[in-house]
Amino acid sequence: MPMSKELPKAYEPQNYEDVIYKRWEDSGFFNPDVCVEKDVTDVNAKPFTIVLPPPNVTGTLHIGHAMMLAIEDLMTRYHRMKGDKTLWLPGTDHAAIATQTKVEKLLIEKGIKDPKKELGREKFLDEVNKFAQASHDTIVNQCKKMGSSLDWSREAFTLDEPRNLAVRTVFKKMYDDGLIYRGYRIVNWCPRCHSTLADDEVEHKDQIAKLYTFKYSKDFPIAIATTRPETKLGDTAVAVNSTDKRYAKYIGQEFVIKNFANGTDLKIKIIGDENVDVNFGTGAVGVTPAHSFADYEMYLKNNLELISVIDEDGKMTASAGKNYQGLPVKEARTKVVEHLVANGLLEKEEDVSNSLSICYRCGYAIEPIPSKQWFIDVNKKFALGDSKLNGIKTGQQVSLKDLMRQVVDSGQIEIIPERFSKTYSHWINNLRDWCISRQIWYGHQIPVWYCLMCMDKNNGIKEVLFHGENFDRTLVVGKRNSADPIVSVNQPDECPTCNCADRAKLIQDPDTLDTWFSSGLWTFSTLGWPEKTVDLQTFHPTSVLETGYDILFFWVARMVLMTTYVLGDIPFEKVYMHGLVRDEQGRKMSKSLGNVIDPLDSIAKYGADATRLSLLLGNTPGNDTRLSEEKIAGFRNFTNKLWNMARFIIANSKIKNQNSKLQLKIQNLTLADKWILSRLDATVKDVSENIENFQFSAAGEKLRDFTWSELADWYLEIAKIEGDKEEILQYILQTLLKLWHPFMPFVTEQIWSEMFGIDRMLMVESWPHLVIPTVVEESLNDFNTIQLIITTIRSARADNKIEPNKKIDATISAGAKEKLLIENSAIITGLARLEKLTIEKKAVKPENAVALVCGDMEIYLDLSGAVDIEKEKVRLTKEVEATEKFVTIMNNKLANAEFVNNAPPAVVEKEKQKLSDAQTKLEKLQTQLNNLK
RNA sequence: GGGCAAUUAGCUCAGUUGGUUAGAGCGUCUCGUUUACACCGAGAAGGUCAUAGGUUCGAAUCCUAUAUUGCCCACCA
């Protein structure tokens with residue numbers, strides 16, 4: 001492959017990106033089983049695994065996903081180059097409620113009024129699957145556009161057959177261990193989604209509500225306050241604090257209110273409860289066991305009656321009386337209030353702020369209603385099988401909560417940033433049993449069957465068994481004598497109780513599982529569990545789980561729960577949490593605000609590399625970050641800068657380096673060479689460390705600073721002056737491309753291929769190591785001296801408005817540094833644009849020269865009368881003042897015995913050096929100032 | 001109501017265990033078509049690190065209050 005020396009002047013990402021991705025993919029190197037011949041072959045290659053947090057198949061990826069992909073690809077590419085056996089495993093999530101809701105909406109827009117009813121379960125699911133497939137394809141394409149080096153051969157879906165088997169297997173195991181149970185209790189119900197929600201799927205929105213204070217009837221002795229008068233039709237008690245002198249005497253009494261609010265009769269028992277706040281409202285609470293979690297607790301404690309007055313559609317039930325039956329809650333509220341007013345029962349109506357519970361998927365108000373549902377018991381103790389958990393023995397009695405808490409407390413799982421560990425612990429402490437059944441069709445159907453034969457032989461107890469539109473809602477069946485349903489991984493052939501083998505009599509629970517049940521298994525279900533696969537053995541526990549802090553509870557905690565329970569092991573060693581991507585004003589990006597940055601647009605306009613950099617740099621772990629188009633454009637500029645640096649180096653290189661096994665000759669290096677190499681080494685070291693420590697932004701910033709401010713601004717310019725640098729420039733460029741590759745894979749790979757052809761891919765090159773055995777501290781200082789001289793002269797030129805093209809003469813009085821300056825005078829002359837440079841040991845000020853202080857040297861510039869003496873005086877005076885101030889501060893500091901005695905000697909020594917430097921400088925400045933006068 | 005965070009240059013943010021005369025990018029100003037790059041180069045201006053106390057030889061950094069902002073959790077009816 002001949003070297004192309006004519007690279008285009010500007011880097012145009014769209015000309016290369018797709019081609020490069022295809023080349024990567026075709027190479028097979030995304031798959032860790034495909035080996036690469038490495039310079040250093042590590043037979044014991046360490047596995048490094050990340051599972052991709054599966055994006056929901058509800059649509060397309062947003063910029064937050066792009067950030068996730070950028071960070072994970074960075075880690076993946078870094079570890080791959082380091083020689084680890086690196087797997088980044090892709091997949092998508094069926095996102096049950098979200099996807100079903102979305103498809104329903106789309107079908108309604110298409111003109112189907114009630115999609116579920118009109119299509120039926122099977123046809124409706126066909127529609128959902130079609131949508132999910134299309135969405136999946138878009139997502140995969142977007143991942144590729146971002147340059148994600150995912151191993152597509154292992155792709156998984158939370159609802160595919162292998163994952164379904166994992167779900168069924170875990171369900172059965174949990175049921176057998178007594179951790180899954182079916183119970184009748186208050187659940188969060190979304191009347192719009194027609195399903196239960198887990199506690200953490202409920203969001204809270206602050207609102208101003210009306211608080212009504214009233215009595216049930218004229219004869220009732222206690223007034224109560226409520227924001228939901230319509231629920232009072234289901235009240236069965238009034239709770240007061242037993243220490244409350246006003247009401248204590250009533251505790252234990254029962255009152256009957258005839259035809260409350262023209263609805264129904266109420267039987268109210270007065271109970272004492274310590275949780276009632278004497279100072280809020282009237283100090284008395286109407287207890288509605290069926291529609292309040294708190295009241296439900298009182299119901300259990302006090303053996304009250306439970307009357308359900310709101311149904312699954314958010315409408316009043318028959319129990320509320322026939323005047324209310326079928327009314328939406330808001331209308332019922334109005335009606336109750338009207339009654340209270342009309343009968344003089346309302347004592348007060350005031351505005352209070354409280355929080356409204358809403359569904360996190362659709363925003364609709366949640367109703368707490370009693371319902372029979374499946375739950376996971378998080379407090380029940382069970383014997384843990386094989387334990388690889390720190391501090392928990394095999395066979396030990398533990399609860400799921402114990403497991404979740406222990407692995408983080410013990411440090412076996414590290415959460416980054418650390419503060420999220422606290423949030424996590426707090427959440428676990430407040431965790432209640434997890435309601436896992438959902439009354440929707442899209443998802444893993446619960447692996448439970450009921451035998452109709454057994455149920456027919458009922459003992460007279462009736463209950464509504466199932467929910468759901470399509471299921472016969474009037475199906476009222478008896479409780480089986482044997483209370484246990486049939487829980488099985490696969491459809492049972494016969495009923496173990498009555499032995500009937502008629503499959504038609506065995507009906508499966510129509511409900512599906514919470515989507516997080518299946519995503520909780522993600523780290524091991526994707527690796528083939530419940531089969532004992534090589535993948536599972538090799539890649540589990542995974543190394544890092546990288547995700548947004550917004551799903552710490554939903555997902556991260558659930559994975560910890562499931563994995564510790566099922567495998568007795570942790571799902572991942574580290575959790576790295578990134579923040580949200582916001583717009584330039586700090587607002588959330590949303591379609592309605594029109595402030596969305598679509599990653600695909602950004603890639604099309606600025607390239608995938610620039611898009612990635614804008615998401616990787618300038619932020620810190622766990623903190624939200626603001627993104628603007630200007631920021632992305634800035635990084636586009638940088639990719640172009642790198643391109644042009646490479647263009648320059650390649651164009652000036654005579655070396656046809658086909659194998660890149662470049663042996664740098666460390667002898668015969670100039671000062672600048674030593675400097676840049678030691679800076680490069682330091683950069684390699686810093687960048688590696690930063691990446692290992694999850695400081696991706698810091699890593700990228702250091703790399704950028706090296707690339708732009710040191711390599712481009714200084715060394716490349718020096719290389720033009722000193723010449724004969726092909727070898728070292730090649731070395732630097734190659735190393736630099738490797739370092740940048742995890743951040744911006746496309747442009748680096750493209751440059752690499754311009755140098756070596758397409759047969760050798762940068763993606764699988766070895767991560768660079770250090771070349772200079774020891775850091776040459778002296779070289780660094782010496783080079784800094786040269787830099788300082790050049791900047792000082794440049795600055796003086798600018799201050800005195802010397803034309804950039806006009807060359808001037810300079811004399812440097814250098815003392816001990818004379819030799820150094822003579823050796824590097826070409827650099828100084830070139831970069832400071834000098835005609836003639838004279839270096840002397842002793843200061844002799846030429847005629848018409850302006851004098852500058854530069855460290856412990858003096859510089860005289862022949863500006864041929866261009867100097868503005870007055871301006872120069874002002875400048876010098878300012879500098880004298882600043883230096884004087886500093887000298888004073890340092891003098892005081894060093895005169896302070898306590899500082900000298902207490903501070904570490906190294907610090908004191910450093911301060912002394914600073915002072916003496918400053919004093920030398922001050923003397924010279926003052927002399928110069930005096931000379932001007 | 002409880003908890004967590006943030007408050008540093010005009011803007012966006014760094015500042016890793018207390019030892020800096022407090023940094024970067026963008027923006028601003030001045031100058032510039034030097035054959036890698038105007039998606040560029042050179043130079044410059046700009047901050048009493050929210051406020052008030054305290055600890056310390058030494059505080060942007062640790063502690064205590066206060067203010068403002070954001071987020072999370074929570075059954076005050």
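In the text below, chain A, chain B and the rest are named by the order of the sequence lines, each starting its count at 1.
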Task: Distance, P atom - from A24(B) to G47(B), rounded to whole angstrom - done: 15 Å
TODO: Determine the interplanar angle of the Tyr16(A) and Trp643(A) rings, folded into 0 to 90°, and report it as parallel if under 30°, tilted if 30 to 60°, perpendicular if over 60°.
DONE: tilted
Open item on the list: Taking the six-membered ring of Phe743(A) as reference, does the cationic atom of Arg704(A) (NZ for Lys, CZ for Arg) lie under 6.0 Å from its centre and within 45° of its axis?
Closed with: no
- [ ] Could you work out which one of A36(B), G19(B), C76(B) sits closest to the side chain of Asp277(A)?
- [x] C76(B)
Open item on the list: Can you work out whether Ala294(A) or Phe553(A) has the more 5'-proximal nearest nucleotide on RNA chain B?
Closed with: Phe553(A)
Open item on the list: What's the gap between C40(B) and G3(B) when it is taken at their P atoms, as a whole Å value?
Closed with: 50 Å
Open item on the list: Looking at Ser697(A), I'd like to know whether one of its side-chain N or O atoms comes within less than 4.0 Å of OP1 or OP2 on C13(B).
Closed with: no
Open item on the list: When both hydrogen-bonding distances must be under 3.5 Å and the geometry is Watson-Crick or G-U wobble, what is A60(B) paired with, if anything?
Closed with: none
- [ ] Report the nucleotide, chosen from C71(B), G19(B), G32(B), that has the shortest atom-to-atom distance to any side-chain atom of Pro804(A).
- [x] G32(B)
Open item on the list: Taking G58(B) as the reference, what is the distance to G19(B) when you measure between their C1' atoms (whole Å, please)?
Closed with: 7 Å
Task: Pairwise P distance for G23(B) and A9(B), with rounding to whole Å - done: 14 Å
Task: Closest nucleotide among G19(B), C71(B), A42(B) to the Arg582(A) side chain - done: C71(B)
Open item on the list: Any side-chain to backbone donor/acceptor pair from Arg333(A) onto Glu230(A)? Under 3.5 Å, distance only.
Closed with: no
Task: Complementary nucleotide for U34(B) - Watson-Crick or wobble, under 3.5 Å - done: none
Task: Contact under 4.0 Å: Trp708(A) side-chain N or O vs G25(B) OP1/OP2 - done: no
Task: Nucleotide nearest Thr226(A) when distance is taken to its side chain, options A77(B), C37(B), C13(B) - done: A77(B)
Open item on the list: Can you tell me the base-pairing partner of G1(B)? Count Watson-Crick or G-U wobble geometry only, both distances below 3.5 Å, and say none if there is no partner.
Closed with: C73(B)
Task: A59(B) versus A50(B) - spacing of their P atoms, nearest Å - done: 15 Å
Task: Among C75(B), C40(B), C76(B), the nucleotide that comes nearest once only the side chain of Phe293(A) is considered - done: C75(B)
Open item on the list: Roughly how many Å apart are C63(B) and A5(B), using the P atom of each and rounding to a whole number?
Closed with: 10 Å
TODO: Report yes or no: is there a donor-acceptor pair, N or O only, under 3.5 Å between the side chain of Lys720(A) and the base of A36(B)?
DONE: yes
Open item on the list: Partner lookup for C26(B), please. Criteria are Watson-Crick or G-U wobble with both distances under 3.5 angstrom; report none if nothing qualifies.
Closed with: G10(B)
Task: Lys720(A) charged N/C atom sitting above Phe648(A) aromatic ring, 6.0 Å / 45° - done: yes
Open item on the list: With a 4.0 Å limit, can you tell me whether Arg419(A) has a side-chain N or O closer than that to the phosphate oxygens OP1/OP2 of C4(B)?
Closed with: no
- [ ] May I ask which nucleotide in the shown strands pairs with A50(B), Watson-Crick or G-U wobble, both distances under 3.5 Å?
- [x] U66(B)
TODO: Go through A77(B), C75(B), G43(B) for me and flag the one nearest to the Asn354(A) side chain.
DONE: A77(B)
- [ ] For nucleotides U28(B) and A67(B), find the distance between their C1' atoms and express it as a whole number of Å.
- [x] 32 Å
Open item on the list: C31(B), OP1 or OP2 - any side-chain N/O from Asn800(A) closer than 4.0 Å?
Closed with: no
Open item on the list: Measuring from the side chain of Lys801(A) (C-beta onward, heavy atoms only), which nucleotide among A74(B), U30(B), A36(B) has the closest atom?
Closed with: U30(B)
- [ ] Look through every strand shown and name the nucleotide pairing with U55(B) as Watson-Crick or G-U wobble, where both distances are under 3.5 Å.
- [x] none
TODO: Go through G19(B), U21(B), A77(B) for me and flag the one nearest to the Pro904(A) side chain.
DONE: G19(B)
Open item on the list: Let me confirm one number: the OG1-CG distance from Thr748(A) to Leu736(A), rounded to the nearest 0.5 Å.
Closed with: 9.5 Å
Task: G43(B) to U51(B) separation - C1' atoms, rounded to the nearest Å - done: 37 Å
Open item on the list: Does the structure place the NZ or CZ of Lys215(A) under 6.0 Å from the centre of the six-membered ring of Phe220(A), at an angle of no more than 45° from the ring's axis?
Closed with: no
Task: side-chain N/O Asn619(A) vs U12(B) OP1/OP2, d < 4.0 Å - done: no
- [ ] Report yes if at least one side-chain N or O of Arg626(A) is closer than 4.0 Å to OP1 or OP2 of C13(B); otherwise report no.
- [x] yes
TODO: Remember a base hit wins even if backbone is also touched, and classify Lys885(A) as base, sugar-phosphate or nothing at under 4.0 Å, heavy atoms.
DONE: nothing
Open item on the list: At less than 4.0 Å, is any side-chain N or O atom of Lys631(A) found next to OP1 or OP2 of C13(B)? Yes or no.
Closed with: no
Task: Aromatic plane relationship, Phe420(A) with Tyr549(A) - under 30° parallel, 30 to 60° tilted, over 60° perpendicular - done: parallel
Open item on the list: Rounded at 0.5 Å granularity, tell me how far CE in Met744(A) sits from CG in Leu642(A).
Closed with: 4.5 Å
Task: Separation of C4(B) P from Leu580(A) CG (nearest whole Å) - done: 21 Å
Task: Proximal nucleotide (of A74(B), A42(B), C75(B)) relative to the Arg432(A) side chain - done: C75(B)
Task: OP1 or OP2 of A44(B) under 4.0 Å from side-chain N/O of Ser795(A) - done: yes
Task: Given C57(B), C40(B), A77(B), the nucleotide with the shortest approach to the side chain of Phe280(A) - done: A77(B)
TODO: Kindly say whether, by distance alone, the side chain of Lys641(A) makes a donor-acceptor pair under 3.5 Å with the base of C37(B)?
DONE: yes
